[in-house]
Structures are given as structure tokens and as C-alpha cells.
Colleague: 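Dropping a structure here in C-alpha cells format, bear with me for questions.
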Amino acid sequence: MTNFYDPDMAIFTDAPASVANSIAIASGNWVTDFKNLGISDTGKAVLYPDHRLKWLRNQFGDFKGKSVLELGSLEGAHTLQFEEFGCREVIGIEANQAHFMKALIIKNVVYKSNIKFLLGNFQSYLQNCKRTFDMVSACGVLYHMVNPVEIIALCADVADSIFIWTVIYNEEMCPPAHKRLITGKETIETRGFRYQGYKHYYRSTDVSLAKKDKNFSGGLDNYAIWLEKDELLRSLRHFGFVDIVEKTNNDNPRHGQNIQVLARKTK
């Protein structure tokens, strides 16, 4: 594993100690706009607060005392909101070292003791997880997976509820820039369940080129499988998430369609 820090240089800050100094460590490389935390000079993505989590809260109800496992926690914006909803515990898993370090900075700024960030591969974590959660949040991750339904199956092993926001494949609405990166429909099997999805490559078939962008937030492989809406919902039902509320959105000109889903094992 490579190191986020420059191993050849110790960097000191001589300015008066402040919160701003820690934010400045990642100056120019923030993704999230944290102005609602009173923090300036961060990113542009409106993730704090996020309207998708407001929708989730309205659908799910009371989060007080709940535990949430967040897959792909980025810089911690959603993690903070789950804590603010009243969760007793939120664990966020992030594979990108830079995003992980920025999440720790944000946690330090707001000082939330019931939030924990873990660095690494969430699929491996789920495969070895010995505990359960009230909910798994998979916001913006399934369309970066080579076997997204395996992630759903793993989530079903550890939780009775799952929140998903993901890009879905709609041939008519998929922009040309992405359509040309799709090589066709694939049939995949996981745990004896067969499903179909579309193989979508990143902007280069060499994922290492995409990862040269410090803010790259994709998967670990050079392609991912995009699901159509019906196949996503069928997969959820197959692995026990029978109570499904969904909202399909056409507000994503970059990818075409996306969907947000709250799925539970019981009504």
C-alpha cells in the first residue's frame, strides 16, 4: 500500500494553530462543499446537507439509536448527517486514502465520538463482518462495482435495511460520452442468482490513468457493471429486501438516469 504522505519530507506549519490550517492541508482537493459547517475553501459538491438523505429520513423514520454502515464514505458528509439524525453509531468505509484523511479532518473539526472511519475495501470488510447493523448505506457505489449484486447480497448478510443511490442504465437516456464506454450486456452469477448488466469502462481502460486524479472516486477495477432499474429491484427482492420504496430521477445529465432506494426485509 502506498503512503498518502511524502515519505521524504516532514512538513511543519508555523501559522497560529487553527481549524483552517487542517482544512488547508487538502487545499484545492476537496470534493464536498462544507460551508454549512462554517468551513470555507472546500469543494463544490452539495453533499452536506444532501437532499437524498432528507428523502431517506422521511421514508425510514426515526434513526435514533440506530447503527449505520456507510460504504464509500468519501469525505464524511453523509456520515455526519447520519449522526445528526440520531444514530448511536456510524461506520464509514473509504478506500481512497486522500478522501479518508479528509474525513478524519472533518471529524476532528466537528468532534463526533460515535463516528468511525475505516480505510480499505468495503467488500472484503463485508465478507468478514461478524456483526450486524440497522442499515447499510450504499450511496454512489454500486455503479462502480464489477459485481454490484454481490454487494447487495453481502449487505443482506449484515443488515435488514439498505439505502441505495446509484446510476442505472437506460439506453435511451444514457449520454453518448458514457454510451461509447459501454461494451455490451453481461450475464453474471452470484450465489446461484443470475442477472444481467452492462459493462462500463472508465474514461480509460487503464484505471491507473483515471486514478491519477486525486479526487477519483470510482472503483478499484477498470470497469463496472451498470444495472437497469428492473434488474436492480429484482436483485434486491431475491436477497430478501421485499419492502422497497424507490424514486427514479432524470436529473443527472452526466450519466442519464439514477435511482434512490430504501429497501427493507420486512414491512
Side-chain angles (χ1 to χ4, degrees), residues 1 4 22-23 25-26 29-34 36-37 39 42-57 60 63 66-129 131-145 148 151-152 154-155 158-159 161-167 211 213-220 224 258 260-262:
M1 183 173 69
F4 176 72
S22 61
I23 300 300
I25 291 173
N29 291 299
W30 288 94
V31 175
T32 308
D33 183 346
F34 281 112
N36 286 307
L37 279 178
I39 301 172
T42 50
K44 296 181 179 179
V46 184
L47 302 176
Y48 184 89
D50 192 320
H51 66 91
R52 296 170 295 185
L53 291 195
K54 181 179 179 180
W55 175 89
L56 171 64
R57 189 179 190 184
F60 183 79
F63 273 93
K66 304 297 185 183
S67 58
V68 173
L69 176 67
E70 183 187 4
L71 310 182
S73 49
L74 199 65
E75 297 167 342
H78 286 183
T79 327
L80 291 184
Q81 287 165 84
F82 280 120
E83 190 277 337
E84 291 165 359
F85 290 168
C87 292
R88 62 176 171 81
E89 178 189 28
V90 190
I91 296 177
I93 300 178
E94 177 58 52
N96 184 312
Q97 289 188 36
H99 293 333
F100 171 76
M101 296 301 294
K102 287 179 284 183
L104 294 183
I105 291 171
I106 293 298
K107 178 185 175 182
N108 183 62
V109 170
V110 298
Y111 191 68
K112 300 293 185 181
S113 59
N114 53 342
I115 287 175
K116 178 186 290 186
F117 292 106
L118 301 177
L119 175 65
N121 185 323
F122 59 69
Q123 182 167 346
S124 300
Y125 176 88
L126 287 167
Q127 289 167 341
N128 295 283
C129 188
R131 56 162 295 183
T132 59
F133 298 86
D134 292 301
M135 176 182 286
V136 176
S137 174
C139 185
V141 299
L142 287 189
Y143 70 108
H144 291 299
M145 300 289 106
I151 302 302
I152 291 173
L154 288 167
C155 291
V158 302
S161 299
I162 185 172
F163 168 60
I164 293 170
W165 179 93
T166 188
V167 169
K211 288 180 179 178
D213 178 356
K214 292 181 180 179
N215 289 326
F216 175 72
S217 301
L220 300 177
N258 59 78
Q260 52 205 55
V261 178
L262 169 61

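Everything numeric here is computed off the predicted structure, so don't read it as measured data. Sequential numbering from 1 along the given sequence is applied to the chain's residues.
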Colleague: Take Ile23 and Ile106 through the side-chain contact (heavy atoms from CB on, under 4.5 Å) test and state the conclusion after the steps.
Modeller: CA-CA 8 Å; Ile23 300 300; Ile106 293 298; 4.3 Å; yes
Colleague: How far does CD1 of Ile105 sit from CD1 of Ile39, to the nearest 0.5 angstrom?
Modeller: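 Atom-to-atom, Ile105:CD1 and Ile39:CD1 are 9.5 Å apart.
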Colleague: Counting only heavy atoms not in Lys66, do more than 12 sit closer than 6.0 Å to its NZ atom?
Modeller: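 No.
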Colleague: List in chain and number order the residues that pass ring pair (Phe, Tyr, Trp, His ring centres under 6.0 Å) with Phe60, two or more places apart in sequence or in another chain; answer none if no residue qualifies.
Modeller: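 By the ring pair (Phe, Tyr, Trp, His ring centres under 6.0 Å) rule, Phe60 matches Phe63.
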Colleague: Roughly how far, to the nearest 0.5 Å, is the OG1 atom of Thr32 from the CG atom of Leu37?
Modeller: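 Taking CG in Leu37 and OG1 in Thr32, the distance rounds to 10.0 Å.
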Colleague: Between atom CD of Gln123 and atom SG of Cys155, what is the distance when rounded to the nearest 0.5 Å?
Modeller: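 Spacing of CD (Gln123) from SG (Cys155) equals 10.0 Å.
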Colleague: Atom CG of Leu142 and atom CD1 of Ile164: how far apart are they, to the nearest 0.5 Å?
Modeller: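 It is 5.0 Å, given to the nearest 0.5 Å.
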Colleague: Nearest 0.5 angstrom please: Asn114 CG to Thr79 OG1, how far?
Modeller: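 Here the interatomic distance stands at 11.0 Å.
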Colleague: What pair of heavy atoms forms the shortest contact from Ala138 to Leu71, and how long is it?
Modeller: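 Here Ala138 and Leu71 meet closest at CB-CD1, 4.3 Å.
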Colleague: To the nearest 0.5 Å, what is the distance between CZ (Phe117) and NZ (Lys102)?
Modeller: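 These two atoms lie 12.5 Å from each other.
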Colleague: Cut-off 3.5 Å, no hydrogens considered: what does the side-chain donor-acceptor table look like for residues 45-55, sequence neighbours left out?
Modeller:
| residue | atom | partner | partner atom | Å |
| --- | --- | --- | --- | --- |
| Tyr48 | OH | Glu84 | OE1 | 3.3 |
| Tyr48 | OH | Glu84 | OE2 | 2.5 |
| Asp50 | OD1 | Arg52 | N | 2.8 |
| Asp50 | OD1 | Arg52 | NE | 3.1 |
| Asp50 | OD2 | Arg52 | NE | 3.2 |
| Asp50 | OD2 | Arg52 | NH2 | 2.7 |
| Asp50 | OD2 | His78 | NE2 | 2.8 |

Colleague: Which heavy atom of Val90 sits nearest a heavy atom of Glu83, and at what distance?
Modeller: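 So the two residues come closest at CG2-N, 3.9 Å.
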Colleague: Report yes if some heavy atom in the side chain of Ile93 is under 4.5 Å from a heavy atom in the side chain of Leu126; otherwise report no.
Modeller: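 No, every pair of side-chain atoms sits at 4.5 Å or beyond.
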Colleague: Would you say that Phe163 contacts Gln260 through its side chain, given a criterion of any heavy-atom pair below 4.5 Å between the two side chains?
Modeller: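 Heavy-atom side-chain distance check passes, below 4.5 Å.
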Colleague: Which atom names give the shortest non-hydrogen contact between Tyr125 and Ile91, and what distance separates them?
Modeller: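 Closest approach of Tyr125 to Ile91: OH-CD1, 4.3 Å.
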Colleague: Write down the atom of Phe122, the atom of Gly72, and the distance for their closest heavy-atom approach.
Modeller: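 So the two residues come closest at CD2-N, 3.9 Å.
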Colleague: What are the two closest non-hydrogen atoms of Ser73 and Glu94, and how far apart are they?
Modeller: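 Closest approach of Ser73 to Glu94: N-OE1, 3.4 Å.
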Colleague: How far apart are the closest heavy atoms of Ser67 and Asp134, and which atoms are they?
Modeller: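 So the two residues come closest at N-OD2, 2.8 Å.
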Colleague: Would you say Leu56 and Gln81 make side-chain contact, with heavy atoms under 4.5 Å?
Modeller: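 No; the side chains remain at least 4.5 Å from each other.
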